[in-house]
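Proteins get letters first, then strands, A, B, ... in listed order; numbering begins at 1 in each.
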Amino acid sequence: MLNLDIARIFSEIADIFEVKGENPFKIRAYRKAALTIETLTQDLKVIAERGGVKELKKIPGIGEGIAKKIVEIAETGDCKKHIELRREVHAELLELLAIPRVGPRTIAKLHQELGITNIENLEKAAKSHKLAGLPGLGAKVEENILKGIEQYRSYQGRALLSKALPYAESIVNELKKLDAVEQILIAGSLRRMRETIGDIDILVVSKQPEDIMDAFTSLEDVEDVIAKGETKSSVIIKGINADIRVVDAVSFGAAAHYFTGSKHHNIGIRELGMKRGLKINEYGIFCGDERIGGEHEEDVFASVGLAYIPPELREDRGEIEAAKENIIPKLIEISDLKGDLHVHTNWSDGKSSIDEMAEVAISLGYEYTAVADHSPAVGIAGGLNEEKIVKRQEEIDRVNESFEAEGVKFRVLSAVEVDIKSDFSMDFSDEILKDFDVVVGAVHTKFSQDRETMTTRIVTAMENPNVDIIAHPTGRLLRKRDPYEVDMERLMAAAKDTETILELNSFPERLDLNDIHCKMAKDYGVLIAISTDAHAATQMGAVIKYGVATARRGWLEPEDVVNTRELEEVLKMVKR
DNA sequence: GCCGTTTTCGGCCCGACTGTTTTCAGTCG
């Protein structure tokens, strides 16, 4: 039973309560517990077995009731309450919650009045105008439900950060042309740099909000206008929801904080405000009727006695407590990086030569880059063989000598991305591996091995004294391929024991390790390499921001990351 | 269901927009 499975049970309980119209605060409690569990860096089952209810209750947001259920789930695989609720409300009905602008109250009403149980049912009823006429429902609602169903089908789930960010930037660039725009900020999950994005949020300071609303809702790529008010509008643009909000300059900080979220972070901050007799909303910080701040985002934190919290940390994962104690980490920045320890060249499946990769690395201010071409097992990648290794080494030497002759402080490291085969062996012998500067081990085949086997496979690689880094440790491709089954706790413990570095692969569809696992690595004292896995020179600079953002979301500081070090130190940290 | 430098009971973030309504519920973030 994984944390994610336990979280899913509580999340579903919350969904069912929602449809049943339970006390909203109880629903919130279950949702918060689910979120906390999802992002926990320790194994909940282990905590439950070790310390029971008493130990579980120490986790914020988990009290007596949920702790008891966790123990029950750890022991039996589910809890009675959940099974009972599932009998009352069918899972299919809960899927309707995912339809935009259809909420739990509407679903409950339609279920009770018309016996609607799934999307097909709902669509049919709306098309034959069975909804209009029910209390509180009219023709417009029918129309909106059909639109919502269409949107749900055409655009399921969330967009990749790397897809949504350029859209948001182009909206900002378009709106910046207006004189009425004084300030403009991309907020929401984009500002927090979440790996996937539900919608684009933009905040504008202007004295002429109507002009902004008009311009926004008539942008070239707008496909549908969901709402258009005096200070807030919502559209569908290239299949993604985009919201805009206009405030006065005096409210900019408070609005930026509010609009950046996350929702649970905001609730946490506003609750702190309440305890101090303050009201915090998007217009400012108020003591009674008197505004005491809100022009700058810092005001919000200061008003409740907190240090500034960077957007990437605002997920209600302990950042408020850390800010209280003034121990917010000094997060890593792109400028801290001194090299890239995993790139490919045209000696395997890369598009660029060693020279070109080096030139770009130098332009990024790096002092080294490790060319880690594939080993032969990854057939389609045209991997290295023994003959190519020798020739490639000659070229690496030639390039390094020319840098030395020109007095350029840069070195190309000879590396390999060696396949960790399904029988636990490495794709190159130790005899060959020992001669590389850096060895990056990676799983590329047989993703379906069971958890125990896959974990042992990777741990065996870590135990090999020649293997320095494990690339993309979970193998996931966002929205395409689930991570393979692996016991992350065992992986972390083994990485610590064997002094193996774990990679944070910066490719936006990988971001692997993810933010939570990065934090876990930090807790275990395991070093991270933020690498690009660039297959062309241009990719190196383009994707690194996603890797660094994920590292920041994982609370990483420069010292947690191996490639913030000078070359000499890195060479000492790899095993040889 | 959670939580406690006002509380172990009585609170629980806050506001915009829409649609169906004459004052508000539902949805969203």
Side-chain angles (χ1 to χ4, degrees), chain A residues 10 13-14 17-19 21-34 36 56-70 81 96-110 131-145 147-148 187-190 192 197-203 209 213 217 225-235 241-247 251 254-255 257-286 300 304-305 316 324:
Chain A
F10 291 135
I13 291 176
F17 276 157
E18 198 122 52
V19 173
E22 262 280 4
N23 175 358
F25 300 106
K26 195 198 261 192
I27 298 169
R28 197 177 101 184
Y30 274 103
R31 288 228 187 279
K32 182 169 173 154
T36 303
L56 290 166
K57 277 174 70 176
K58 288 183 186 163
I59 302 168
I62 293 181
E64 189 78 21
I66 289 181
K68 278 185 179 159
K69 287 189 180 70
I70 292 171
K81 185 80 194 173
L96 299 181
L97 285 169
I99 302 172
R101 296 177 297 285
V102 179
R105 309 309 314 136
T106 311
I107 291 170
K109 198 184 289 177
L110 296 174
L131 312 186
L134 293 176
L137 301 184
K140 199 79 186 170
V141 172
E142 232 163 36
E143 199 181 304
N144 277 339
I145 286 177
K147 266 192 197 172
S189 51
L190 272 172
R192 305 201 307 280
I197 300 299
D199 49 23
I200 294 169
D201 296 306
I202 291 170
L203 175 66
M213 296 298 104
T217 52
V225 178
I226 306 294
K228 185 182 176 190
E230 289 172 26
T231 63
K232 181 182 169 180
S233 290
S234 184
V235 301
N241 242 305
D243 298 335
I244 199 164
R245 186 70 187 270
V246 179
V247 296
S251 299
H257 179 261
Y258 150 76
F259 221 25
T260 297
S262 68
K263 181 185 171 119
H264 286 274
H265 168 90
N266 284 355
I267 291 174
I269 297 290
R270 289 177 177 189
E271 276 174 351
L272 283 181
M274 277 168 50
K275 283 181 194 148
R276 293 178 170 228
L278 302 174
K279 186 169 80 169
I280 300 171
N281 58 28
E282 60 263 53
Y283 299 111
I285 304 140
F286 299 91
V300 177
V304 292
D316 194 24
K324 225 178 264 178

Student: Counting the atoms with a prime plus P, OP1 and OP2 as sugar-phosphate, which does A:Ile27 contact under 4.0 Å by heavy atoms, base, sugar-phosphate, or nothing?
Tutor: nothing

Student: What is the base-pairing partner of B:dT8, counting Watson-Crick and G-U wobble geometry with both distances under 3.5 Å?
Tutor: none

Student: Between B:dC14 and B:dC9, how far apart are the P atoms? Round to whole Å, please.
Tutor: 25 Å

Student: Take A:Lys232 and A:Gly63, find for each the nucleotide of DNA chain B with the closest heavy atom, and name the residue whose nucleotide sits nearer the 5' end.
Tutor: A:Gly63

Student: Please measure how far the P atom in B:dT27 lies from the corresponding atom in B:dT21, and state the result in whole Å.
Tutor: 15 Å

Student: On a heavy-atom basis, which atom in A:Ile285 and which in A:Leu278 lie closest, and how many Å separate them?
Tutor: CG2-CD1, 4.1 Å

Student: Mind checking the C1' distance from B:dT5 to B:dG1? Whole angstroms is fine.
Tutor: 24 Å

Student: For A:Tyr30, which contact category applies under a 4.0 Å heavy-atom criterion: base, sugar-phosphate, or nothing?
Tutor: sugar-phosphate

Student: Would you classify B:dT7 as syn or anti? Syn applies when the glycosidic angle is within 90° of 0.
Tutor: syn

Student: Of all residues at least two apart in sequence or in a different chain, which pass the side chain to side chain contact (heavy atoms under 4.5 Å, CB included) check with A:Lys232?
Tutor: A:Arg245

Student: Which atom names give the shortest non-hydrogen contact between A:Ala254 and A:Val300, and what distance separates them?
Tutor: CA-CG2, 3.9 Å

Student: From CG of A:Asn144 over to P of B:dT20, roughly how many Å is that when rounded to an integer?
Tutor: 8 Å

Student: Say you pick atom C1' in B:dT22 and the same atom in B:dC28; how far apart are they, in whole Å?
Tutor: 24 Å

Student: Identify the heavy atoms of A:Ser233 and A:Lys228 that sit nearest to each other, and give their distance.
Tutor: OG-CA, 3.3 Å

Student: Quick one: A:Ile269 CD1 to B:dC12 P, roughly how many Å, whole number?
Tutor: 18 Å

Student: At under 4.0 Å between heavy atoms, what does A:Lys140 touch on the DNA or RNA strands: base, sugar-phosphate, or nothing?
Tutor: sugar-phosphate

Student: Between the protein and nucleotides 4-11 of chain B, list the N/O to N/O atom pairs that are separated by less than 3.5 angstrom.
Tutor:
none

Student: Any side-chain N or O of A:Ser262 below 4.0 angstrom from OP1/OP2 of B:dG29?
Tutor: no

Student: With a 4.0 Å cutoff (strictly under), does any side-chain N or O of A:Asn266 reach OP1 or OP2 of B:dC14?
Tutor: no

Student: What's the gap between B:dC2 and B:dT6 when it is taken at their P atoms, as a whole Å value?
Tutor: 23 Å

Student: Give me the distance, rounded to whole Å, that separates B:dG26 from B:dT20 when you measure between the P atoms they each carry.
Tutor: 14 Å

Student: Quick one: A:Ile107 CD1 to B:dT27 P, roughly how many Å, whole number?
Tutor: 8 Å

Student: How close do A:Ala34 and A:Phe10 get, heavy atom to heavy atom, and via which atoms?
Tutor: CB-CB, 4.1 Å

Student: Okay, side chain of A:Thr106, backbone of A:Val102: is any donor-acceptor separation there less than 3.5 Å?
Tutor: no

Student: How close do A:Arg270 and A:Ile280 get, counting heavy atoms only, and between which atoms?
Tutor: NE-O, 3.2 Å

Student: Quick check against the 3.5 Å criterion: does A:Asn266 have a side-chain atom that pairs as donor or acceptor with the backbone of A:Tyr258?
Tutor: yes

Student: So, does A:Lys109 get its side chain near the phosphate of B:dA25, meaning an N or O under 4.0 Å from OP1 or OP2?
Tutor: no

Student: Across the strands shown, which category fits A:Ala254 at heavy-atom distances under 4.0 angstrom: base, sugar-phosphate, nothing?
Tutor: nothing

Student: Quick one: does A:Glu142's side chain have a donor or acceptor within less than 3.5 Å of a partner on A:Ala132's backbone?
Tutor: yes

Student: Any idea which heavy atoms bring A:Ile99 and A:Gly148 closest together, and the distance?
Tutor: CG2-C, 3.5 Å

Student: Mind calculating the distance between CD (A:Glu230) and P (B:dC17) to the nearest angstrom?
Tutor: 6 Å

Student: Starting from C1' on B:dC28, measure out to CD1 on A:Ile200 and report it in whole angstrom.
Tutor: 17 Å

Student: Out of A:Lys279, A:Arg28, A:Lys32, which residue meets the salt bridge (charged side-chain N to carboxylate O under 4.0 Å, His left out) rule with A:Glu271?
Tutor: A:Arg28

Student: Distance under 6.0 Å and angle within 45° of the ring axis: does A:Lys26 meet both against A:Phe17?
Tutor: yes

Student: So A:Pro24, base contact, sugar-phosphate only, or nothing? Heavy-atom distance under 4.0 Å.
Tutor: nothing

Student: Quick one, which residues of residues 277-285 of chain A touch DNA chain B with a heavy atom under 4.0 Å?
Tutor: A:Lys279, A:Ile280, A:Asn281, A:Glu282, A:Tyr283

Student: Over how many whole Å does the gap from A:Ile226 atom CD1 to B:dG19 atom P extend?
Tutor: 10 Å

Student: Mind checking if A:Lys57 touches a base, just sugar-phosphate, or nothing, with heavy atoms under 4.0 Å?
Tutor: nothing

Student: Establish, with yes or no, whether the OP1 or OP2 oxygen of B:dC13 is under 4.0 angstrom from a side-chain nitrogen or oxygen of A:Arg28.
Tutor: yes

Student: With a 4.0 Å cut-off on heavy atoms, is A:Ile62 in touch with a base, just the backbone sugar-phosphate, or nothing at all?
Tutor: sugar-phosphate

Student: Which value, in whole Å, describes the distance between the C1' atoms of nucleotides B:dG4 and B:dT8?
Tutor: 8 Å

Student: Classify the nucleic acid contact of A:Thr231 as base, sugar-phosphate or nothing, counting any heavy atom under 4.0 Å across all strands shown.
Tutor: sugar-phosphate

Student: Rounded to whole angstrom units, what separation is found between the CD atom of A:Glu271 and the P atom of B:dC14?
Tutor: 9 Å

Student: Please report the distance separating the P of B:dC13 from the corresponding atom of B:dC3, rounded so that it comes out in whole Å.
Tutor: 13 Å

Student: For a quick check of understanding: with a heavy-atom distance under 4.0 Å over all strands, which category does A:Pro100 fall into, base, sugar-phosphate or nothing?
Tutor: sugar-phosphate

